[in-house]
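Computed from a prediction, not measured in an experiment: that's the story for all the values here. Order of the sequence lines sets the chain letters (A, B, ...), proteins ahead of strands, with each chain counted from 1.
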Protein chains: 2
Amino acid sequence: MPATIRDVAARARVSVATASRALSGRRRVSDENLRRVIGAAAELSYRPNLVASSLRRQVTNTIGLVIPQISNPFFPTLVESIEWQLQSTTRQLLLCDSRGDPEVEQLRLQALVDRQVDGIMISPCDALRSADAVHTTARQVPLVQIDRRITGDATDWIGVDDEVGMRLVVEHVALAGARTAVFVGSVPTNSSALLRLEAFASESSGFGLKTSEPLLGDFTAAWGIEAARVLLAGRHLPDAVVCGNDLIAIGLLRQFLLAGVRVPDDVLVTGYDDITSAELSAPSLTTVRQPHDAIAFEALRLLTERFDRPDGPYQRISMTPELVVRESTTHIDLLPPNADAFSRASRQ
Amino acid sequence: MPATIRDVAARARVSVATASRALSGRRRVSDENLRRVIGAAAELSYRPNLVASSLRRQVTNTIGLVIPQISNPFFPTLVESIEWQLQSTTRQLLLCDSRGDPEVEQLRLQALVDRQVDGIMISPCDALRSADAVHTTARQVPLVQIDRRITGDATDWIGVDDEVGMRLVVEHVALAGARTAVFVGSVPTNSSALLRLEAFASESSGFGLKTSEPLLGDFTAAWGIEAARVLLAGRHLPDAVVCGNDLIAIGLLRQFLLAGVRVPDDVLVTGYDDITSAELSAPSLTTVRQPHDAIAFEALRLLTERFDRPDGPYQRISMTPELVVRESTTHIDLLPPNADAFSRASRQ
DNA sequence: TGGTTTATGGTAACCGTTTGCCACGATCCG
DNA sequence: CGGATCGTGGCAAACGGTTACCATAAACCA
């Protein structure tokens, strides 16, 4: 049986109160008693029971994180940043994957509240159908939305400014000479999908790009492949294909390559998120980088602020994303020397 | 203030014991009282405080998961499976990322024990340097190693049989006509790295492949790129490059493509794990598939068994992995028709 | 009919910490 | 020197459920 604080107190010949104070440092104890308690704790390999502590202090040092799908490569890097942020505050992460299902999401939120988590970070899977659960939860525990968000403005949010991101992309392909462009994205059930779709529409008209009907599926490479087939079946390709995220773009690139369509020579392709494999695709992918570390940092800051001021005004923080230009929108002669062989090969 | 069970009991005009029994179902109560308690709980929107329950019952319904790096794409799919398994048992997942550092790992294990998790799943980051912490932890709480494991045999383990996996790979490239092969893997500080390296050595001699000194770095695409440069700088390429995981292989493919080396015509390349992007690389990657779902299922089963029999004999379960043959080891003329354009392009 | 078993309700201890409150002695101050 | 202040220690009440144990009444049995 592990030692309890009573055992420590007994061995140190002090009361449990003194032992508790000595160990937690929440009130001074005499040097003599401090020494004895520390010593006793060490001798017994005492480890405080965090569940008991949580119950009494009404603080669990636990944060819940709800994301739509951990296997979407955008999220692992985000999770990594968040987890790292948290551990520096001795908090731990309860991870929930909603599988893109608002009902699962709701259950998970409830479970987190029941567990008395100190705060919740969520990337809601559906802009509308997640709304009720998010609101209900936010009323019970500090909550910050990350990246995706529900429509309406009733909670803190941290993410990137998709409008700016899309403007960077559209401006870039316009400057690269594109006159026509098509958007391949996800059906706008979540905020990322919606905002990027809308931003593409407004920005492309702003930069004088002709667009055709966007192709909307989901945020997967499989949909990118599918979309490429649709585009290839059409009369002629647009100058640029702007994708709603990197997975779609990568699927698309893959299918274009198989079909002999040359990127960027025949068509420019862009992604969004800058997941790890964006750099590794062939050709490498021009995309918009989301600053995970900064997002994680700010998310925790927002949450912490809300601990202190539960009823303070809601904040929305949009970070400015960064355009990462790679081969999928760059003329081959701009590539570094060791790319020569590649360019020859892929140009045939 | 949320309602407590006392509030429910008062409203239902029964004792807290009866309320508790009615709600938990751990002992029968009369129909009348059951009805009243359920009603009162509903009226008050009562939700039991799980922390209090955990303290009393000495069960937290929480499982800790420690992995080396969530941004290594092998792990998210595994985490997804595990999380899904757990939620069906109303348990939740505390996720810890050791960042490949045994000292961080040790701290995380301790933190999980302090939190009184019911069990721990871990993929230890270092075969040797993780050993002490894993052993110490396993003595305190049910623990199962997943995928990677420490040397020695003192805990349950579930993973794939790397020897079989590597045999499938080596056999496959040998049958595809390779006479020489080189292994590009990770410095064998963790068990996966070690077992695959050893298995490659023994299997390739078994199948009569000539091998040269393995190239060892880490399990990243960056190392794959680096390794490709090393290989390209050498006199001539081997017939096959067998990689320790998919990330390495993808980096390697990328660099080969840039350098004009044709895969599979000039050299065969294989990966290991079958991460999502293995299918999307160009060319798509022949690799060894790990059955995440089955691993997650068995991991939970092992843990559950150990709850019941804390001192039962240790089990090691090796699942047989599956070879997934794709373009990186397949002659072009075996590709489907729509790949024609691609093959022309990439062959120059 | 008396004794035993069964069903169900309540009381209060318990899980392991933390902390409000009081006590007591030492120090300080006018 | 008496009273206020400060520093430190301990008692015991929380935190919110769960459950061992006992009580009571009904059912059952010989």
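- Listed by chain and residue number, nothing satisfies the salt bridge (charged side-chain N to carboxylate O under 4.0 Å, His left out) test with B:Asp132 (two or more places apart in sequence, or in another chain).
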Protein proximity profile, nucleotides 16-24 of chain C - base contact B, sugar-phosphate-only contact S, no contact -, cut-off 4.0 Å on heavy atoms: BBBBBB---
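- Every pair passing salt bridge (Lys or Arg N to Asp or Glu O under 4.0 Å) that includes a residue from residues 103-128 of chain A is listed here, sequence neighbours excluded: A:Arg108-B:Glu83, A:Asp114-B:Arg47, A:Asp126-A:Arg129.
- Taking each heavy atom of A:Val104 and A:Ser98 in turn, the nearest pair found is CB-O, 3.5 Å.
- An OP1 or OP2 oxygen of C:dG9 is reached within less than 4.0 angstrom by a side-chain nitrogen or oxygen of B:Asn33.
- Considering CG of A:Leu44 and CD1 of A:Ile5, their distance stands at 11.5 Å, rounded to 0.5 Å.
- Here D:dG7 presents its P atom at 14 Å from CG of A:Asp31, a figure rounded to the nearest Å.
- A donor and an acceptor atom, one from each side chain of B:Glu32 and B:Ser30, are nowhere located under 3.5 Å apart.
- Atom pair A:Glu32:CD and D:dG7:P shows a separation of 20 Å (rounding to whole Å applied).
- Defined by atom type and a distance below 3.5 Å, a donor-acceptor pair is present between the side-chain atoms of B:Gln290 and B:Asp273.
- In terms of phosphate contacts, A:Arg28 brings no side-chain nitrogen or oxygen within less than 4.0 Å of OP1 or OP2 of D:dG7.
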